[in-house]
Amino acid sequence: SVVAAFAVDEAAVEEDAQWGAEADVVIDDAQLYYTPTSCAAATFICAHAAGLIASGAVVPHESEIISHRVVKGPQAGADLYDVNAKGNVPALVLEDGTLLNENVATLLWVADRARAAGQVLSPPTGTTEWYDLVRKLAFLASELQPALQFYPALTAEQKALLSRLAVARLKYLNDHELAGGKRFLLGDSFTVADAYCYIILTWKEAVHVDLTPFPNVTAYFKHIGELDIVKNGRAAMAAL
(Lines give C-alpha, C1' and ligand atoms only; values in the text may rest on other atoms or scores of the structure.)
Protein backbone atom coordinates (compact mmCIF):
# COMPACT_ATOMS: atom_id res chain seq x y z
CA SER A 1 0.00 0.00 0.00
CA VAL A 2 1.01 3.61 -0.44
CA VAL A 3 2.06 5.12 2.86
CA ALA A 4 2.31 8.91 3.03
CA ALA A 5 4.38 9.74 6.10
CA PHE A 6 3.89 13.49 6.09
CA ALA A 7 2.61 14.07 9.60
CA VAL A 8 2.37 17.78 10.36
CA ASP A 9 5.42 18.55 12.48
CA GLU A 10 5.65 22.29 12.98
CA ALA A 11 9.15 22.13 14.39
CA ALA A 12 10.42 20.10 11.45
CA VAL A 13 8.72 22.42 8.99
CA GLU A 14 10.25 25.45 10.69
CA GLU A 15 13.71 23.87 10.48
CA ASP A 16 13.31 23.38 6.74
CA ALA A 17 12.10 26.64 5.27
CA GLN A 18 12.62 25.44 1.73
CA TRP A 19 10.57 22.24 2.04
CA GLY A 20 13.40 19.74 2.27
CA ALA A 21 12.87 16.01 1.81
CA GLU A 22 11.01 14.35 4.65
CA ALA A 23 10.11 10.91 5.95
CA ASP A 24 9.88 7.76 3.89
CA VAL A 25 7.14 7.20 1.33
CA VAL A 26 6.70 3.77 -0.19
CA ILE A 27 7.18 4.11 -3.94
CA ASP A 28 4.90 1.68 -5.74
CA ASP A 29 5.31 0.96 -9.44
CA ALA A 30 2.84 2.89 -11.59
CA GLN A 31 1.91 3.14 -15.25
CA LEU A 32 1.63 6.71 -16.58
CA TYR A 33 -0.48 7.35 -19.68
CA TYR A 34 0.14 10.76 -21.23
CA THR A 35 0.44 12.73 -24.44
CA PRO A 36 3.42 15.06 -25.00
CA THR A 37 1.34 18.14 -25.83
CA SER A 38 -1.51 17.75 -23.36
CA CYS A 39 -1.69 18.79 -19.71
CA ALA A 40 -0.47 15.27 -18.86
CA ALA A 41 3.00 16.34 -19.98
CA ALA A 42 3.27 18.15 -16.63
CA THR A 43 3.00 14.85 -14.76
CA PHE A 44 5.65 13.31 -17.01
CA ILE A 45 8.03 16.25 -16.45
CA CYS A 46 7.70 15.99 -12.67
CA ALA A 47 8.03 12.19 -12.62
CA HIS A 48 11.14 12.52 -14.78
CA ALA A 49 12.60 15.20 -12.49
CA ALA A 50 12.17 12.91 -9.49
CA GLY A 51 13.96 10.06 -11.23
CA LEU A 52 10.80 7.95 -11.09
CA ILE A 53 10.88 7.22 -14.81
CA ALA A 54 14.59 6.43 -14.93
CA SER A 55 14.23 4.07 -11.95
CA GLY A 56 11.24 2.29 -13.46
CA ALA A 57 8.96 3.30 -10.59
CA VAL A 58 6.81 5.09 -13.16
CA VAL A 59 6.51 3.44 -16.57
CA PRO A 60 5.49 5.91 -19.34
CA HIS A 61 2.95 5.06 -22.03
CA GLU A 62 2.57 7.68 -24.75
CA SER A 63 -1.00 7.83 -25.98
CA GLU A 64 -3.09 9.53 -28.67
CA ILE A 65 -6.27 11.26 -27.63
CA ILE A 66 -7.85 11.39 -31.10
CA SER A 67 -7.51 7.64 -31.70
CA HIS A 68 -7.61 6.77 -27.99
CA ARG A 69 -4.78 4.33 -28.48
CA VAL A 70 -1.60 3.74 -26.50
CA VAL A 71 1.20 4.19 -29.03
CA LYS A 72 4.37 3.65 -26.95
CA GLY A 73 5.28 1.67 -23.85
CA PRO A 74 4.60 -1.88 -22.65
CA GLN A 75 0.86 -1.49 -23.34
CA ALA A 76 1.29 -0.11 -26.88
CA GLY A 77 -1.76 -0.86 -28.98
CA ALA A 78 -4.15 -0.88 -26.03
CA ASP A 79 -7.43 1.04 -26.11
CA LEU A 80 -7.13 4.05 -23.79
CA TYR A 81 -10.75 3.52 -22.73
CA ASP A 82 -9.71 0.15 -21.31
CA VAL A 83 -7.23 2.00 -19.10
CA ASN A 84 -9.45 4.93 -18.17
CA ALA A 85 -13.19 4.94 -18.85
CA LYS A 86 -13.02 8.68 -19.60
CA GLY A 87 -10.41 8.08 -22.30
CA ASN A 88 -8.31 11.05 -21.24
CA VAL A 89 -4.88 11.68 -19.78
CA PRO A 90 -3.08 11.85 -17.45
CA ALA A 91 -4.01 8.43 -16.22
CA LEU A 92 -1.83 6.87 -13.55
CA VAL A 93 -2.44 3.20 -12.77
CA LEU A 94 -0.92 2.21 -9.46
CA GLU A 95 0.53 -1.18 -8.58
CA ASP A 96 -2.69 -2.24 -6.81
CA GLY A 97 -4.78 -1.31 -9.84
CA THR A 98 -6.01 2.02 -8.49
CA LEU A 99 -6.55 4.57 -11.25
CA LEU A 100 -5.60 8.18 -10.55
CA ASN A 101 -6.90 10.56 -13.21
CA GLU A 102 -6.73 14.35 -13.63
CA ASN A 103 -3.63 16.43 -13.04
CA VAL A 104 -4.40 17.59 -9.50
CA ALA A 105 -4.34 13.97 -8.32
CA THR A 106 -1.46 12.70 -10.46
CA LEU A 107 0.78 15.69 -9.74
CA LEU A 108 0.27 15.43 -5.98
CA TRP A 109 0.98 11.69 -6.12
CA VAL A 110 4.21 12.36 -8.02
CA ALA A 111 5.15 15.17 -5.62
CA ASP A 112 4.88 12.82 -2.64
CA ARG A 113 7.06 10.21 -4.30
CA ALA A 114 9.49 12.86 -5.52
CA ARG A 115 10.08 13.94 -1.93
CA ALA A 116 10.95 10.35 -0.98
CA ALA A 117 13.40 10.30 -3.89
CA GLY A 118 15.05 13.53 -2.70
CA GLN A 119 13.45 15.91 -5.22
CA VAL A 120 11.24 18.55 -3.60
CA LEU A 121 8.33 19.52 -5.83
CA SER A 122 5.81 20.54 -3.16
CA PRO A 123 5.58 21.79 0.42
CA PRO A 124 5.08 19.18 3.15
CA THR A 125 1.59 17.71 3.19
CA GLY A 126 -0.73 19.31 5.74
CA THR A 127 1.04 22.66 5.91
CA THR A 128 -0.59 25.94 4.94
CA GLU A 129 1.70 26.09 1.90
CA TRP A 130 0.52 22.65 0.80
CA TYR A 131 -3.12 23.72 0.88
CA ASP A 132 -2.17 26.80 -1.11
CA LEU A 133 -0.55 24.50 -3.67
CA VAL A 134 -3.81 22.54 -3.93
CA ARG A 135 -5.66 25.83 -4.43
CA LYS A 136 -3.35 26.85 -7.25
CA LEU A 137 -3.63 23.43 -8.90
CA ALA A 138 -7.42 23.70 -8.71
CA PHE A 139 -7.32 27.14 -10.35
CA LEU A 140 -5.16 25.79 -13.16
CA ALA A 141 -7.41 22.76 -13.71
CA SER A 142 -10.80 24.44 -13.44
CA GLU A 143 -10.16 27.95 -14.75
CA LEU A 144 -6.93 28.45 -16.71
CA GLN A 145 -6.84 25.18 -18.63
CA PRO A 146 -10.44 25.38 -19.93
CA ALA A 147 -9.80 28.95 -21.07
CA LEU A 148 -6.69 28.04 -23.08
CA GLN A 149 -7.67 24.58 -24.25
CA PHE A 150 -8.20 23.85 -27.95
CA TYR A 151 -11.78 23.04 -28.89
CA PRO A 152 -12.45 21.98 -32.49
CA ALA A 153 -15.46 23.18 -34.46
CA LEU A 154 -16.36 26.19 -32.35
CA THR A 155 -18.63 28.85 -33.78
CA ALA A 156 -17.36 32.41 -34.15
CA GLU A 157 -19.46 33.44 -31.15
CA GLN A 158 -18.05 30.63 -29.03
CA LYS A 159 -14.48 31.50 -30.03
CA ALA A 160 -15.05 35.13 -29.05
CA LEU A 161 -16.43 34.05 -25.67
CA LEU A 162 -13.48 31.75 -25.07
CA SER A 163 -11.06 34.53 -26.05
CA ARG A 164 -12.60 36.87 -23.46
CA LEU A 165 -12.39 34.12 -20.85
CA ALA A 166 -8.71 33.54 -21.65
CA VAL A 167 -7.94 37.23 -21.25
CA ALA A 168 -9.74 37.34 -17.89
CA ARG A 169 -7.91 34.27 -16.55
CA LEU A 170 -4.52 35.51 -17.78
CA LYS A 171 -5.14 38.92 -16.23
CA TYR A 172 -5.84 37.23 -12.89
CA LEU A 173 -2.70 35.11 -13.24
CA ASN A 174 -0.65 38.18 -14.14
CA ASP A 175 -2.02 40.56 -11.51
CA HIS A 176 -2.43 38.20 -8.57
CA GLU A 177 -0.69 34.82 -8.73
CA LEU A 178 2.39 36.34 -10.40
CA ALA A 179 2.14 39.84 -8.94
CA GLY A 180 5.43 41.64 -8.63
CA GLY A 181 7.08 39.47 -11.24
CA LYS A 182 7.14 36.25 -9.21
CA ARG A 183 9.35 33.59 -10.77
CA PHE A 184 7.36 30.66 -9.34
CA LEU A 185 3.72 30.14 -8.44
CA LEU A 186 4.52 29.09 -4.88
CA GLY A 187 7.48 30.14 -2.80
CA ASP A 188 10.95 30.46 -4.25
CA SER A 189 11.33 27.15 -6.06
CA PHE A 190 9.78 25.03 -8.78
CA THR A 191 6.73 22.97 -7.82
CA VAL A 192 4.30 20.71 -9.64
CA ALA A 193 2.08 23.77 -10.12
CA ASP A 194 4.74 25.41 -12.27
CA ALA A 195 4.98 22.35 -14.51
CA TYR A 196 1.21 22.39 -14.98
CA CYS A 197 0.95 26.14 -15.58
CA TYR A 198 3.83 26.10 -18.04
CA ILE A 199 2.31 23.32 -20.15
CA ILE A 200 -1.03 25.13 -20.30
CA LEU A 201 0.73 28.31 -21.48
CA THR A 202 2.48 26.40 -24.28
CA TRP A 203 -0.92 26.13 -25.98
CA LYS A 204 -1.07 29.90 -26.53
CA GLU A 205 -0.21 29.75 -30.22
CA ALA A 206 -2.58 26.88 -30.96
CA VAL A 207 -5.46 28.88 -29.53
CA HIS A 208 -4.18 32.26 -30.82
CA VAL A 209 -3.66 33.88 -27.43
CA ASP A 210 -1.14 36.71 -27.12
CA LEU A 211 0.72 36.90 -23.80
CA THR A 212 2.22 40.33 -24.56
CA PRO A 213 -0.41 42.28 -22.55
CA PHE A 214 0.58 40.21 -19.51
CA PRO A 215 4.25 40.98 -18.74
CA ASN A 216 4.42 38.92 -15.55
CA VAL A 217 3.00 35.88 -17.35
CA THR A 218 5.35 36.42 -20.30
CA ALA A 219 8.43 36.60 -18.05
CA TYR A 220 7.25 33.64 -15.99
CA PHE A 221 6.64 31.50 -19.08
CA LYS A 222 10.11 32.27 -20.40
CA HIS A 223 11.76 31.58 -17.04
CA ILE A 224 10.03 28.24 -16.42
CA GLY A 225 10.70 27.09 -19.98
CA GLU A 226 14.42 27.71 -19.53
CA LEU A 227 14.72 25.60 -16.38
CA ASP A 228 16.67 22.36 -16.80
CA ILE A 229 13.94 20.46 -14.98
CA VAL A 230 11.50 21.40 -17.76
CA LYS A 231 13.88 21.17 -20.70
CA ASN A 232 15.15 17.77 -19.63
CA GLY A 233 11.65 16.44 -19.07
CA ARG A 234 10.44 17.56 -22.48
CA ALA A 235 13.56 16.16 -24.13
CA ALA A 236 12.95 12.83 -22.42
CA MET A 237 9.41 12.73 -23.76
CA ALA A 238 10.66 13.41 -27.28
CA ALA A 239 13.32 10.70 -26.98
CA LEU A 240 10.99 7.87 -25.96
Side-chain angles (χ1 to χ4, degrees), residues 1-30 32 34 39-58 90 92-96 98-145 173 176-180 182-200 220 223-224 227-230 232-233:
S1 63
V2 178
V3 180
F6 285 155
V8 180
D9 183 338
E10 294 181 1
V13 171
E14 185 176 351
E15 288 177 4
D16 189 356
Q18 201 50 50
W19 312 330
E22 285 194 3
D24 292 338
V25 172
V26 176
I27 302 178
D28 292 342
D29 290 340
L32 171 62
Y34 71 98
C39 61
T43 297
F44 183 104
I45 287 171
C46 292
H48 180 268
L52 301 178
I53 291 176
S55 71
V58 171
L92 193 65
V93 181
L94 306 186
E95 192 173 37
D96 65 0
T98 298
L99 170 68
L100 294 181
N101 182 222
E102 308 299 346
N103 258 317
V104 175
T106 59
L107 286 170
L108 290 175
W109 185 93
V110 168
D112 281 354
R113 274 112 205 111
R115 182 176 297 277
Q119 177 70 52
V120 180
L121 296 174
S122 70
T125 304
T127 61
T128 299
E129 293 81 5
W130 186 84
Y131 290 112
D132 198 29
L133 172 66
V134 175
R135 178 188 69 79
K136 292 173 191 291
L137 289 172
F139 162 73
L140 296 173
S142 64
E143 300 192 51
L144 188 64
Q145 177 174 335
L173 181 65
H176 297 277
E177 299 294 347
L178 298 174
K182 288 177 59 180
R183 290 158 59 84
F184 300 101
L185 277 176
L186 186 69
D188 297 320
S189 61
F190 182 90
T191 67
V192 292
D194 294 305
Y196 191 7
C197 189
Y198 173 78
I199 290 299
I200 293 171
Y220 168 84
H223 168 64
I224 298 298
L227 296 176
D228 287 342
I229 197 170
V230 172
N232 293 342

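What you see is a predicted model; the values in this text were computed from it and never measured. Numbers here simply count residues along the sequence, with the first being 1.
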*Asks:* With respect to Ile199, which candidate in Ile45, Ile224, Val230 satisfies the side chain to side chain contact (heavy atoms under 4.5 Å, CB included) definition?
*Replies:* Ile45

*Asks:* Quick one: pull up CG in Leu32 and CG in Leu92 and give me the separation to the nearest 0.5 Å.
*Replies:* 5.5 Å

*Asks:* Considering all heavy atoms of both residues, which atom of Ala138 and which atom of Val104 are nearest to each other, and what is their separation?
*Replies:* N-CG2, 4.4 Å

*Asks:* Which atom pair, heavy atoms only, marks the closest approach of His223 to Phe184?
*Replies:* NE2-CZ, 3.4 Å

*Asks:* If you round to the nearest 0.5 Å, how far is CG of Leu137 from CD of Gln145?
*Replies:* 11.5 Å

*Asks:* Can you measure from OG (Ser189) to CD1 (Ile229) and round to the nearest 0.5 angstrom?
*Replies:* 9.5 Å

*Asks:* Using the ring-ring contact (aromatic ring centres under 6.0 Å, His included) criterion, which residues pair with Tyr34? Sequence neighbours excluded.
*Replies:* Phe44

*Asks:* Distance check, rounded to the nearest 0.5 Å: Leu108 atom CG versus Thr125 atom OG1?
*Replies:* 8.0 Å

*Asks:* Using atom types as modelled and distance alone, determine if a side-chain donor or acceptor of Asn103 lies under 3.5 Å from a backbone N or O of Cys39.
*Replies:* yes

*Asks:* Nearest 0.5 Å, what's the OH-CG distance between Tyr196 and Leu185?
*Replies:* 12.0 Å

*Asks:* Taking salt bridge (Lys or Arg N to Asp or Glu O under 4.0 Å) as the definition, give me every residue that meets it alongside Arg183, ordered by chain and number, with sequence neighbours left out.
*Replies:* none

*Asks:* Apply side-chain contact (heavy atoms from CB on, under 4.5 Å) to residues Leu99 and Val93 and explain how you reach the verdict.
*Replies:* CA-CA 5 Å; Leu99 170 68; Val93 181; 4.0 Å; yes

*Asks:* Out of Leu121, Asp194, Val58, Thr191, which one pairs with Cys46 under the side chain to side chain contact (heavy atoms under 4.5 Å, CB included) rule?
*Replies:* Leu121

*Asks:* So do the side chains of Asp132 and Pro123 get within less than 4.5 Å of each other, counting heavy atoms only?
*Replies:* no

*Asks:* Do side-chain atoms of Asp112 reach the backbone of Trp109 as a donor and acceptor pair under 3.5 angstrom?
*Replies:* no

*Asks:* Taking the side chain as C-beta and beyond, is there a heavy-atom pair between Lys136 and Cys197 under 4.5 Å?
*Replies:* no

*Asks:* Between atom CG of Asp96 and atom CG of Asp29, what is the distance when rounded to the nearest 0.5 Å?
*Replies:* 11.5 Å

